[in-house]
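First comes the structure, then the notes that go with it.
We name chains A, B, ... by the order of the sequence lines, and we start the count at 1 in each one.
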2 protein chains.
Amino acid sequence: MAASELRQEDACRTRAVLDLVGDKWSLLVVRYLSQGPHRFTELKREIDGISQRMLTVTLRALERDGILTRTVHNVMPPHVSYELTPMGRTLREAALPLLEWSVTNLAHIDAARAEYDARTSPA
Amino acid sequence: MAASELRQEDACRTRAVLDLVGDKWSLLVVRYLSQGPHRFTELKREIDGISQRMLTVTLRALERDGILTRTVHNVMPPHVSYELTPMGRTLREAALPLLEWSVTNLAHIDAARAEYDARTSPA
DNA sequence: CTGAATCCTGTATGATACTG
DNA sequence: CAGTATCATACAGGATTCAG
């Protein structure tokens with residue numbers, strides 16, 4: 001489908017994407033897993049500021065949606081690895097333009113904010 | 001920048017995008033404005049389920065970030081029109097792949113959820 | 001190590017009424 | 001018409017504790 005062909009009836013899809021990856025951590029998890037399989041503690045360490053609880057919740061949701069797989073290795077000590085599914089990898093690809101946009105425009109946005117704030121609350 | 005060149009140090013950017021458009025309504029507003037300038041009431045009517053308050057809050061945030069412009073026409077009755085800035089239009093373009101991904105994979109996700117639920121809560 | 005369970009709080013969001 | 005102000009609420013998210 002060409003980008004320009006998205007139509008009105010896709011509005012609900014917008015909500016669907018946001019419900020999926022619009023939370024605070026999902027895209028970050030997908031980001032790190034795109035570099036290869038990771039273990040729980042690795043993700044916990046790499047994703048700055050995430051709590052155990054939110055990592056668990058986020059991983060469960062993404063597993064349920066078929067974005068990643070959870071594999072338990074029955075060894076001692078216990079071992080669980082998470083890995084993107086093929087669909088998870090396509091999600092990562094689809095999210096990249098937005099991330100690139102962010103990298104490109106963040107400075108511009110900061111400038112816009114500063115100007116707006118100066119304009120609305122002068123002195 | 002090539003998609004494959006995004007690196008670890010861009011992690012913070014992921015948060016920046018989500019802070020910008022990861023809320024419930026921003027992308028929907030951008031969506032409708034990509035079809036041309038709209039007035040407050042038009043947006044209110046077209047975006048299903050949004051409250052006056054959230055439309056106001058969302059529009060203000062997007063205006064502050066330089067995504068759209070707010071133009072007050074001094075006529076009677078009052079008249080305010082909202083329009084995407086050039087940066088706003090590039091944001092819309094950057095978000096399109098994710099929306100297309102959603103359209104393509106939503107059925108797949110529903111299936112994954114159903115299977116997951118069946119697997120975890122059997123009967 | 002990898003979680004699950006519980007409790008607690010802030011923020012986002014919504015409903016309603018009022019105003020230039 | 002296009003908001004603002006106020007109040008109410010739900011859910012995300014954090015801290016802590018417990019368990020296989």
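- Comparing C:dA4, D:dT4, D:dA2 by their nearest atom to the side chain of B:R70 picks out D:dA2.
- Atom pair A:L55:CG and D:dG14:P shows a separation of 11 Å (rounding to whole Å applied).
- For A:E46 and A:H38, the side-chain atoms include at least one donor-acceptor pair closer than 3.5 Å.
- Of all heavy-atom pairs spanning B:S81 and B:H73, the tightest one is OG-NE2, 3.3 Å.
- Regarding contacts with the backbone of D:dC1, every side-chain N or O of B:Y82 stays at 4.0 angstrom or more from both OP1 and OP2.
- In terms of modelled atom types and a separation under 3.5 Å, the side chain of A:S26 and the main chain of A:D23 share no donor-acceptor contact.
- One finds no salt bridge joining B:R113 and B:D117 here, because no Lys/Arg side-chain nitrogen approaches an Asp/Glu carboxylate oxygen to under 4.0 Å.
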Across nucleotides 6-20 of chain C, 5' to 3', mark each nucleotide with B, S or - according to how protein heavy atoms within less than 4.0 Å reach it. B------BBB-B--B

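- Stacking of A:R92 on the aromatic ring of B:W101 is not recorded, the 6.0 Å distance cut-off and the 45° axial limit not both being met.
- When the P atom of D:dA12 is taken as reference, atom CG of B:D19 falls 17 Å away, rounded to whole Å.
- Rounding to whole angstrom units, CZ of residue A:R45 and C1' of C:dC1 are separated by 12 Å.
- Between the P atom of C:dC1 and the CG atom of A:L59 lies a distance of 16 Å, rounded to the nearest Å.
- For B:E93 against B:P97, the heavy-atom pair with the smallest separation is O-CD, 3.4 Å.
- If you take CZ of B:F40 and C1' of D:dT4, they are 10 Å apart, rounded to a whole angstrom.
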